[in-house]
Amino acid sequence: MKNITDKLIEAIEKKGNPTVAGLDTKFDFLTDEMKKRSKTPEDISKAILEYNIGLIDALYDVVPAVKIQSAYYEMYAHHGVYVMNKTAEYAAEKGLIVMADVKRNDIGATAEAYAAAYLGKDGYDYITVNPYPGYDGIKPFTDKCKENGKGIFVLARMSNPSASQLQNLIVGDKPLYMHVGELIEEWGKDLIGEYGYSAVGAVVGATSPDEARMLREKYKTVFFLVPGYGAQGGKGKDAAASFDNNGRGAIVNNSRGIIAAYKQDKYKGMTYAEAARAAAIDMREDLSKALKG
C-alpha cells in the first residue's frame, strides 16, 4: 500500500519538478490594487486568499506541492486561519500535495490535540513537527499518519544562520542533527512506502549541503523537505546534496522567490501569477541541471 511519500514522489516525477511552492503570503507581496482595498484584518485575509488562488491556478501543473506557512495566516486571527484552510482546500482540489508549515509539538494530550487538528482525515497531507519533546511528543503525530495516510517532516538541520548553535553541537560522537536523523529514521520505520521512503521525513536546509550530504548518506529511508533555496542563499547545487543517486529523496521549497517573483527585475512586466509560473519553471531547470551533475 502506498504511503503519502509514494504519492509525493509520483507527483514530483509526473511533473519533473521536485519543487514545493511556499505560500508565505505577506501583505507586502500583494499587488498595489489589493493593498488599497485591504484596510482590516478581514480585508487583508480576503486579498491573500485571492492572491493564493491566482498563484495556485498558475502553478498547479508545474509544481507537485504547496507549503502553507501558518504564521502568515495566524497573524490575522480567525480571518487568517479561515483563509489558510480555504487555500489548502483549493490546492487539494487542483491535485496538489498540501503541506502546512506549523512546527507544532508538545507532550501528551496537547500533542494529540495538535495531531488531530492538522492530520485528521480531512487535514493536511504533511505538517512540520518539532522533535524536542522526544518520542512521546512525536507518537501522536505518527499515529495519525498511520491512521489517515498522512506525513510529517521533523526539524533536523534547519536553514537559518544560527541553527548551528544547537543543531551542530557534538553530543557523544556526532552532531546533534545526526542524532535527530537517527531518531527520525526510527520513528518512521513502520511507515515506509513502496519507494523505500517513510512518511516521517526531515527538514534539512539547502544552506547546509555538507550536513545534508551526511544525513542523506546515513538515513536512506528519510525523505527531506529542503528549505533555504533562493532568498536564503541556497542554490540548486546546494539542494542537490539532499537527493539520492536516483534523483529522489527530497523536495525543495521556494517561497518568496516564486510567490513574489513579479517584484524581481527578471520578471518585470509580468503579472504576479505569470511571474510565479516563470520562476517555478526556472527553478525546475536549475534543479534539473544540478541533479544531472
Side-chain angles (χ1 to χ4, degrees), residues 5 18 20 22 24 67 69-72 99-107 110-111 114-115 118 126-142 145 151-189 191 197-244 249-257 290:
T5 304
V20 53
D24 301 6
K67 180 172 71 66
Q69 170 50 262
S70 65
Y72 294 105
M99 305 174 185
D101 195 350
V102 294
K103 298 183 178 71
R104 296 296 197 267
N105 210 335
D106 211 302
I107 57 173
T110 309
Y114 279 138
Y118 293 104
Y126 287 94
I127 64 168
T128 54
V129 175
N130 191 318
Y132 207 74
Y135 179 64
D136 61 357
I138 292 292
K139 187 176 184 296
F141 295 95
T142 57
C145 289
I152 59 174
F153 288 108
V154 183
L155 305 180
R157 182 56 174 86
M158 296 169 68
S159 58
N160 58 302
S162 64
S164 61
Q165 286 183 316
L166 285 177
Q167 294 164 18
N168 282 46
L169 287 175
I170 301 300
V171 181
D173 61 347
K174 58 185 180 245
L176 180 59
Y177 68 83
M178 292 295 288
H179 288 281
V180 175
E182 183 177 353
L183 288 170
I184 293 169
E185 184 177 60
E186 174 66 21
W187 293 333
K189 67 182 181 182
L191 288 162
Y197 282 102
S198 175
V200 179
V203 176
V204 180
T207 51
S208 305
D210 293 336
E211 288 93 333
R213 200 170 288 110
M214 290 174 63
L215 286 161
R216 175 76 289 143
E217 183 178 336
K218 183 71 174 174
Y219 305 116
K220 300 187 185 301
T221 63
V222 180
F223 196 91
F224 293 176
L225 170 62
V226 183
Y229 179 97
Q232 291 187 56
K235 298 181 171 42
K237 61 185 174 70
D238 302 315
S242 290
F243 289 78
D244 65 22
I251 189 165
V252 185
N253 180 76
N254 189 357
S255 298
R256 75 195 91 163

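Residues: numbered from 1 along the sequence shown.
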J.: Please report the shortest heavy-atom distance between Cys145 and Leu191, naming the atom on each side.
T.: CB-CD1, 4.0 Å
J.: Measuring only between side-chain heavy atoms, which start at C-beta, is Tyr118 closer than 4.5 Å to Val102?
T.: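 Yes, close enough: below the 4.5 Å cut-off.
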J.: Taking all non-hydrogen atoms of both residues into account, name the closest pair between Ser242 and Ala212 and its distance.
T.: OG-CB, 3.5 Å
J.: Roughly how far, to the nearest 0.5 Å, is CZ of Arg157 from OG1 of Thr207?
T.: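 The CZ atom of Arg157 is 6.5 Å from OG1 of Thr207, to the nearest 0.5 Å.
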J.: Scan side-chain atoms only and decide if Tyr177 and Ser164 contain a donor-acceptor pair under the 3.5 Å cut-off.
T.: no
J.: How long is the straight-line distance from CD of Glu182 back to OH of Tyr219, given to the nearest 0.5 Å?
T.: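 Output value for this atom pair is 4.5 Å.
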J.: State the CE-CD distance between Met158 and Gln167, to the nearest 0.5 angstrom.
T.: 6.0 Å
J.: Got more than 12 heavy atoms from elsewhere within 6.0 Å of NZ, Lys174?
T.: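 Enclosed.
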J.: For the atom pair CD (Gln165) and CG (Asn160), what is the distance rounded to the nearest 0.5 Å?
T.: 9.0 Å
J.: Is a side-chain N or O of Arg216 found less than 3.5 angstrom from the main chain of Val222, in a donor-acceptor match?
T.: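 At least one qualifying donor-acceptor pair exists.
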J.: Write down the atom of Ala111, the atom of Gly137, and the distance for their closest heavy-atom approach.
T.: CB-O, 3.8 Å
J.: Is any side-chain heavy atom of Ile251 less than 4.5 Å from a side-chain heavy atom of Phe223?
T.: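 Side-chain contact under 4.5 Å: yes.
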J.: Which residue in the set Val203, Ile138, Asn105, Val154 passes side chain to side chain contact (heavy atoms under 4.5 Å, CB included) when paired with Asn130?
T.: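 Answer after filtering Val203, Ile138, Asn105, Val154: Asn105.
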J.: Determine the interplanar angle of the Tyr126 and Phe153 rings, folded into 0 to 90°, and report it as parallel if under 30°, tilted if 30 to 60°, perpendicular if over 60°.
T.: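 It falls in the parallel class, under 30°.
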J.: Can you tell me how far apart CD1 (Ile184) and CD1 (Ile152) are? Round to the nearest 0.5 Å.
T.: 8.5 Å
J.: Can you tell if the side chain of Val129 reaches within under 4.5 Å of the side chain of Lys103, non-hydrogen atoms only?
T.: no
J.: Check whether any side-chain heavy atom of Lys67 lies under 4.5 Å from a side-chain heavy atom of Leu225, and answer yes or no.
T.: yes
J.: Starting at NZ of Lys139, measure out to CD1 of Ile107 and round the result to the nearest 0.5 Å.
T.: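 Result: 15.0 Å between the selected atoms.
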J.: Could you check whether any side-chain heavy atom of Lys220 comes within less than 4.5 Å of a side-chain heavy atom of Asp244, counting everything from C-beta outward?
T.: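 Not in contact.
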J.: Show your working on salt bridge (charged side-chain N to carboxylate O under 4.0 Å, His left out) between Asp106 and Arg104 and close with a plain yes or no.
T.: CA-CA 7 Å; Asp106 211 302; Arg104 296 296 197 267; over 6 Å; no
J.: Where do Pro209 and Ala241 come nearest, in terms of heavy atoms and distance?
T.: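 Between these two residues, the closest heavy atoms are O-CB, 3.5 Å.
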J.: Write down the atom of Val204, the atom of Ala156, and the distance for their closest heavy-atom approach.
T.: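 The pair with the smallest heavy-atom distance is CG2-CB, 4.4 Å.
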J.: Does any non-hydrogen side-chain atom of Glu211 lie less than 4.5 Å from one of Asn168?
T.: yes
J.: Nearest heavy-atom pair of Val200 and Trp187: which atoms, and what distance?
T.: CG2-O, 4.1 Å
J.: Might you work through the salt bridge (charged side-chain N to carboxylate O under 4.0 Å, His left out) test for Lys235 and Asp238, ending with a clear yes or no?
T.: CA-CA 5 Å; Lys235 298 181 171 42; Asp238 302 315; 5.7 Å; no
J.: Apply side chain to side chain contact (heavy atoms under 4.5 Å, CB included) to residues Leu155 and Tyr132 and explain how you reach the verdict.
T.: CA-CA 9 Å; Leu155 305 180; Tyr132 207 74; over 6 Å; no
